[in-house]
Amino acid sequence: MTGTAFTSYIAIGDSFTEGVGDELPDGRVRGWADFVALGMAAASPTPFRYANLAVRGRKLGPIVAEQVEPAIAQHPDLVSLNGGGNDIMRPRVSIEGVAKTLMDAADRVVASGSHMLLLSGANPSRHLPLGGLIRRRGEELAVAVREMLPRDGITFVDNWADEGLEDIRYWSEDRLHLGPLGHARVASNVLTALGVPVPAEWGVEEVAAAPPGERTRRTAAYYRRHVLPWIGRRLTGRSSGDGRAAKIAELTVVDPETLRPL
């Protein structure tokens, strides 16, 4: 089945898939999965439905435990999964265990009759404190997942290998989450992999062709606003997603003219 034949799509994951970093004026977050839904709706000859069950801050175990079954219960044509980014930033992690959990979840989705879109996140390590550790673990996870592929029923989009996405222009103020330009580029990668046209008005090619952004300094204000709160949550066992629900829990028809999948 090609991407243009899909009529429904559910995204599961953490902040990357929820769309953190791509904030809209009304307080909602958009993100690459919303862009993908819009692109697929624009290319679909019939009404296209979309849901997004992702919740920021989730490690891979809770993503699988809380989101996989509610997703496949709605019988979508396509399910996307990204996870493990929060796991590799913890003091201890089994890279092999994360990769196996990802693939086991992908196999469950395929066995349910849905096509699996498995994708890696973009690489933020160039801009972060302790970036070398994150890069090493991210590379190990990417290699572990690649070694398990290809598999029938799974499309893999390797954003970690997209070196262009490391450009600072694609990242939000916290440098951990993609900004609007980064989310649009990831959506372009996904739609291209699925054989769906990328809307020209997103300007993805024009941004990619422009000169790279200048690397910014990590100031004291940056640490106060972004790093210290993150450390505080880790020390107290809290998550940025505590108390949050899925932003689009049920498959909902997308209106591609509104730029809002609601």
Side-chain angles (χ1 to χ4, degrees), residues 1 9-18 20 31-33 36 51-125 128 130-162 165 176-178 186 189-190 193-194 234 237 239-241 246:
M1 180 181 289
Y9 163 44
I10 297 182
I12 62 179
D14 53 24
S15 59
F16 174 64
T17 300
E18 184 185 345
V20 173
W32 67 265
V36 166
N52 189 317
L53 310 186
V55 178
R56 65 192 68 182
R58 291 293 193 266
K59 293 171 66 177
L60 182 58
I63 291 172
V64 172
E66 299 168 5
Q67 299 176 28
V68 171
E69 286 302 324
I72 64 179
Q74 298 185 58
H75 306 290
D77 294 332
L78 177 69
V79 175
S80 69
L81 169 62
N82 167 269
N86 289 307
D87 297 74
I88 66 172
M89 291 192 294
R90 297 306 194 269
R92 296 181 181 179
V93 61
S94 167
I95 298 297
E96 181 180 349
V98 171
K100 184 178 186 304
T101 300
L102 279 169
M103 204 55 60
D104 287 348
D107 288 342
R108 284 171 59 190
V109 169
V110 173
S112 76
S114 298
H115 190 81
M116 179 82 254
L117 170 63
L118 189 65
L119 67 163
S120 58
N123 183 354
S125 62
L128 292 175
L130 299 177
L133 174 63
I134 294 172
R135 179 178 291 271
R136 177 175 60 79
R137 287 180 170 179
E139 291 286 357
E140 290 175 1
L141 178 57
V143 169
V145 170
R146 290 172 195 142
E147 288 179 346
M148 298 181 184
L149 296 168
R151 295 194 188 195
D152 290 341
I154 299 176
T155 296
F156 178 55
V157 179
D158 196 352
N159 295 294
W160 187 268
D162 183 353
L165 265 173
L176 178 62
H177 299 98
L178 290 172
V186 168
N189 291 346
V190 170
L194 294 174
R234 299 288 80 75
S239 166
S240 58

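All values below were derived from every heavy atom in this structure, side-chain atoms included, with hydrogens, water molecules and symmetry-related copies excluded.
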Point to revise | CA sep, side-chain torsions, deciding dist, call: Asp77, Tyr9, side-chain contact (heavy atoms from CB on, under 4.5 Å) | key: CA-CA 6 Å; Asp77 294 332; Tyr9 163 44; over 6 Å; no
Return the [atom1] to [atom2] distance between [X] and [Y], rounded to the nearest 0.5 Å.
X: Asp87; Y: Arg92; atom1: CG; atom2: CZ; result: 15.5 Å
X: Asn159; Y: Asn189; atom1: CG; atom2: CG; result: 5.0 Å
X: Glu18; Y: His177; atom1: CD; atom2: NE2; result: 9.0 Å

Review point. Would a distance-only check, ignoring hydrogens and angles, find a side-chain to backbone donor-acceptor pair under 3.5 Å from Trp160 to Leu119?
Key: no
Applying side chain to side chain contact (heavy atoms under 4.5 Å, CB included), can you list everything that pairs with [X], at least two apart in sequence or on another chain?
X: Arg135; value: Asn123, Ser125, Arg126, Glu139, Glu166
X: Val110; value: Met116, Ile154
X: Ser114; value: Pro76, Val79, Val109, Ser112
X: Pro62; value: Arg58, Lys59, Glu66

Shortest non-hydrogen separation from [X] to [Y] and the atoms involved:
X: Ala246; Y: Val55; answer: N-CG2, 4.2 Å
X: Ile88; Y: Ile134; answer: CD1-O, 4.2 Å
X: Asn86; Y: Asp14; answer: ND2-OD2, 3.4 Å

Applying salt bridge (charged side-chain N to carboxylate O under 4.0 Å, His left out), name anything that partners [X], two or more places apart in sequence or on another chain.
X: Arg137; answer: none
X: Glu96; answer: none
X: Asp162; answer: Arg185

Exercise for review: Using the side-chain contact (heavy atoms from CB on, under 4.5 Å) rule, take Ile12 and Thr17 through it: C-alpha gap first, then chi angles, then the decisive distance, then the call.
Suggested key: CA-CA 7 Å; Ile12 62 179; Thr17 300; over 6 Å; no
Point to revise | Verdict with reasoning, Phe16 to Val186, per side-chain contact (heavy atoms from CB on, under 4.5 Å) | key: CA-CA 10 Å; Phe16 174 64; Val186 168; 3.9 Å; yes
How would you list, by chain and number, every residue that makes a side-chain hydrogen bond (donor to acceptor under 3.5 Å, both in side chains) with [X], sequence neighbours excluded?
X: Ser120; answer: Asp158
X: Gln67; answer: none
X: Asn52; answer: Tyr50
X: Thr155; answer: His115

Check whether any side-chain heavy atom of [X] lies under 4.5 Å from a side-chain heavy atom of [Y], and answer yes or no.
X: Met89; Y: Leu176; answer: yes
X: Leu178; Y: Val20; answer: no
X: Phe156; Y: Arg151; answer: no

Pairs under 3.5 angstrom only: tabulate donor-acceptor contacts from the side chains of residues 99-106 to other protein residues two or more places apart or in another chain.
| residue | atom | partner | partner atom | Å |
| --- | --- | --- | --- | --- |
| Lys100 | NZ | Asp104 | OD2 | 2.8 |
| Thr101 | OG1 | Gly97 | O | 2.9 |

Review point. side-chain contact (heavy atoms from CB on, under 4.5 Å) between Leu53 and Ile63: does it pass, once the steps are laid out?
Key: CA-CA 9 Å; Leu53 310 186; Ile63 291 172; over 6 Å; no
